[in-house]
Colleague: 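There's a structure below that I have some questions on.
Each chain gets a letter, A, B and so on, in the order the sequences are listed, and its residues count up from 1.
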Protein chains: 2
Amino acid sequence: MRAKNSEHLSPSGRGGRKTRAMAKQAERRAATTEAILTAARRLFGTQGFAATTMDEIAEGASVAKGAVYHHFKTKEAVFEAVFDQVSRDLVAEIDRTARAEKDVLAAMVAGTQHYFAATAKGPTGQIILRDGPAVLGWERWREIDAQHFGGKMPRALSAAMEAGLIARQPVEPLARLLLGAVTEAAVACAGRADIARAGAEYARAFKSLVEALRVRA
Amino acid sequence: MRAKNSEHLSPSGRGGRKTRAMAKQAERRAATTEAILTAARRLFGTQGFAATTMDEIAEGASVAKGAVYHHFKTKEAVFEAVFDQVSRDLVAEIDRTARAEKDVLAAMVAGTQHYFAATAKGPTGQIILRDGPAVLGWERWREIDAQHFGGKMPRALSAAMEAGLIARQPVEPLARLLLGAVTEAAVACAGRADIARAGAEYARAFKSLVEALRVRA
DNA sequence: ATTAAAACCGACTGATAGTCGGTAAATACC
DNA sequence: GGTATTTACCGACTATCAGTCGGTTTTAAT
């Protein structure tokens, strides 16, 4: 151990000097931040938040601890950044899956299923479902979640109401309830050996719940 | 500061000596444990888990830190015991409320509403909804929760199916989903200033969800 | 060239969860 | 009764780790 870094970044091409040069510092910043985030994401994902130390993160990113604190105020701040990144990636995946469906409700179910699968195990689940609420606090967690995956639920419901698929009613509360249901299901799946079967089971139950809302003639 | 204890327990009445005496040690144990739990419950409830130190708990219980560690292996163990106690109390309250209703589904809604109110603010909410999942981990949290409040949901659903109020289907997954919905709602309520209004809002949404499941002619 | 500002370093500090050797009280055994 | 053993309790001490701080190097502005 002890490789240290000695490049940090290469000067790359220098175009203008004063007129257009302001990129060196920014590049450096971006590179270091990314290294920290990458290391932190790996460590948080495998060991969990509590078992990961700031020294490990610094070591993993090949920078001194001071550098980490130069870019992030606290350990929680590092986690939040990682959390945000993972969420963003997850949402992108889910979007791709859901876009394939036609019916809004069907897309909701499909997206949900993907959410199950992705968060059921591995680093993503550790970060999103386990440490997320624990570290950020449930309020903050839900707040961020609402900006990513969680925000899709209200939109889907609104669309469904608009299309006359389900009865008109206050969207927000219902969305929260359904989101809570989904999250709970994901967590429940995460704790089981037969994830595939469990996932299917919950997906069916969720579908049944959503279908119950569908207006009938 | 520095009152210390000098009674710890009174010898109380001594009945038999050897034949029936084995209560002194147990009493002592129980008294100390209870003192610790009482102090911990107050501190965890008001300051939260992270902001409460073991020294504070020991001080609050008028014992040395060593005594606390003699009875509880870790800080988490203390919390778990407190959590268990609070859960038990909450369930007892909810039971009383729900028993007043007649319809099984109605009881479910009523019990849920009580759950909202109780966990929305104050020490109970802090312990059950905030620190609970964070400290115990979501799995363990749900496991304990299932033994208390959570365990009621499957039973209620079974009864509802039995009575023909809702369509027959796998109970466990649906129960989990609804429980997740309720919990989410409670958390959402907890984070709002107008708890009364929010609670009513979510209660209505939950009712709408449950009612959607009701079989129709 | 000079000055300022931002990135980075790593030894140090403060707080606290958990330990450990020891004392006192209760219980078991003779 | 006395002696040994087990259980409850004590509080100074240790280990760990988040966060700090004065100092150094690199980049940018003038």
Colleague: Could you check which of C:dT27, C:dA7, D:dA8 has an atom nearest any side-chain atom of B:Thr32?
Modeller: D:dA8
Colleague: Does C:dA6 have OP1 or OP2 under 4.0 Å away from a side-chain N or O of A:His71?
Modeller: no
Colleague: Rounded to whole angstrom units, what separation is found between the CZ atom of A:Phe72 and the C1' atom of C:dA7?
Modeller: 14 Å
Colleague: Please give, in whole Å, the distance from C:dA25 C1' to B:Glu27 CD?
Modeller: 14 Å
Colleague: Taking side chain as C-beta onward, heavy atoms only, is B:Glu56 less than 4.5 Å from B:Glu59?
Modeller: no
Colleague: Can you check whether A:Arg41 reaches A:Asp89 side chain to side chain, under 4.5 Å on heavy atoms?
Modeller: yes
Colleague: Please report the distance, rounded to the nearest Å, between CD in A:Glu59 and P in C:dG10.
Modeller: 11 Å
Colleague: A:Ile36 pairs by side chain to side chain contact (heavy atoms under 4.5 Å, CB included) with which of A:Thr38, A:Thr32, A:Thr33?
Modeller: A:Thr32
Colleague: What residues form a side chain to side chain contact (heavy atoms under 4.5 Å, CB included) with A:Glu101, not counting sequence neighbours?
Modeller: A:Ala106, A:Ala107, A:Ala110
Colleague: Provide a list of protein-nucleic acid N or O atom pairs under 3.5 angstrom, restricted to nucleotides 18-20 of chain D.
Modeller:
residue : atom : partner : partner atom : Å
D:dA18  : OP1  : A:Lys75 : NZ           : 3.0
D:dA18  : OP2  : A:Met54 : N            : 3.0
D:dA18  : N7   : A:Lys65 : NZ           : 3.2
D:dG19  : OP2  : A:Tyr69 : OH           : 3.4
D:dG19  : OP2  : A:Lys75 : N            : 3.0
D:dG19  : N7   : A:Lys65 : NZ           : 3.1
D:dG19  : O6   : A:Lys65 : NZ           : 2.7

Colleague: List for me each residue that meets side chain to side chain contact (heavy atoms under 4.5 Å, CB included) alongside B:Ala77, sequence neighbours excluded, and say none if there are none.
Modeller: B:Phe72, B:Thr74
Colleague: Does anything in residues 170-187 of chain B pair up under side chain to side chain donor-acceptor pair (under 3.5 Å), and if so which pairs, sequence neighbours excluded?
Modeller: A:Arg142-B:Glu184
Colleague: List, with names and distances, any nitrogen or oxygen atoms from the protein found under 3.5 Å away from nitrogen or oxygen atoms belonging to nucleotides 2-7 of chain D.
Modeller:
residue : atom : partner : partner atom : Å
D:dT7   : O4'  : B:Gln25 : NE2          : 3.4

Colleague: Tell me, do A:Tyr69 and A:Met54 make a side-chain contact under 4.5 Å, heavy atoms counted?
Modeller: yes
Colleague: Restricting to side chain to side chain contact (heavy atoms under 4.5 Å, CB included), what partner residues turn up for A:Val135, sequence neighbours left out?
Modeller: A:Phe49, A:Glu76, A:Phe79, A:Asp131
Colleague: Distance check needed: D:dC10 P versus B:Ile36 CD1, whole Å only.
Modeller: 9 Å
